[in-house]
Amino acid sequence: MLEHCELVNVRVIEFSARRLTPGEAVAANVSSETSYFVDAAAFANRYLWRVEFVDEEQASVAKLTATLLVEYDVSEGFVPDQEAAEAISQSTGYFAAYPYVRELFQSHTARLQLNPLVLGMLMRDRTHPRTITTP
């Protein structure tokens, strides 16, 4: 399928960041969801990332949410296969979006006057970073 699709854009389509309390965050809980859209003329991956910072009592200190869209051009006459589209959304597309979400969350946690969130390396066949730090 990748022979017939060309990645053309990675963009943020929704973002929010809220500082809920002036407390000190001691941990960050990170989650993500993956979906895709495919038809005879279009193919896109959608990634929803959420981060919640909590204090020592596990109370929320801050929340960040970002939705990114990875868009592909599809060769004329090619009809993408649903199974291949799902596999790409879990691998190639995820890796394409990951640097954008890393930078977005790192810069905005600093703007919320939290220690910057650092999402570690993303290993092959994984959908969660190896490490998550809040220095």
- Query: Does the side-chain contact (heavy atoms from CB on, under 4.5 Å) test come out yes or no for Leu64 and Arg50, once each step is laid out?
  - Reply: CA-CA 6 Å; Leu64 292 89; Arg50 292 185 183 98; over 6 Å; no
Side chains of [X] and [Y], heavy atoms from C-beta outward: is any pair under 4.5 Å?
X	Y	result
Asn9	Val70	no
Leu69	Asn45	no
Asn29	Val51	no
Arg46	Leu68	no
Gln90	Thr34	yes
Val61	Leu20	no

- Are the ring centres of Tyr47 and Tyr94 closer than 6.0 Å? yes
- Determine, using the 4.5 Å side-chain heavy-atom cutoff (strictly less than), whether Val12 and Leu119 are members of one ILVMFWY cluster. yes
- Item | Full working for side-chain contact (heavy atoms from CB on, under 4.5 Å) between Asp73 and Phe43 | CA-CA 7 Å; Asp73 269 345; Phe43 176 41; over 6 Å; no
- Query: For the residue pair Phe105 and Phe15, does the interplanar ring angle fall in the parallel (under 30°), tilted (30 to 60°) or perpendicular (over 60°) class?
  - Reply: tilted
- Item | NZ/NE/NH1/NH2 to OD/OE distance under 4.0 Å, Arg11 and Glu71 | yes
- Just by distance, with hydrogens left out, do Gln82 and Tyr36 show a side-chain donor and acceptor under 3.5 Å apart? yes
- Write down the atom of Leu114, the atom of Ala25, and the distance for their closest heavy-atom approach. CD2-CB, 4.1 Å
- Item | Residue pair Gln106, Leu117: steps toward the side-chain contact (heavy atoms from CB on, under 4.5 Å) verdict | CA-CA 5 Å; Gln106 184 175 10; Leu117 177 71; 5.5 Å; no
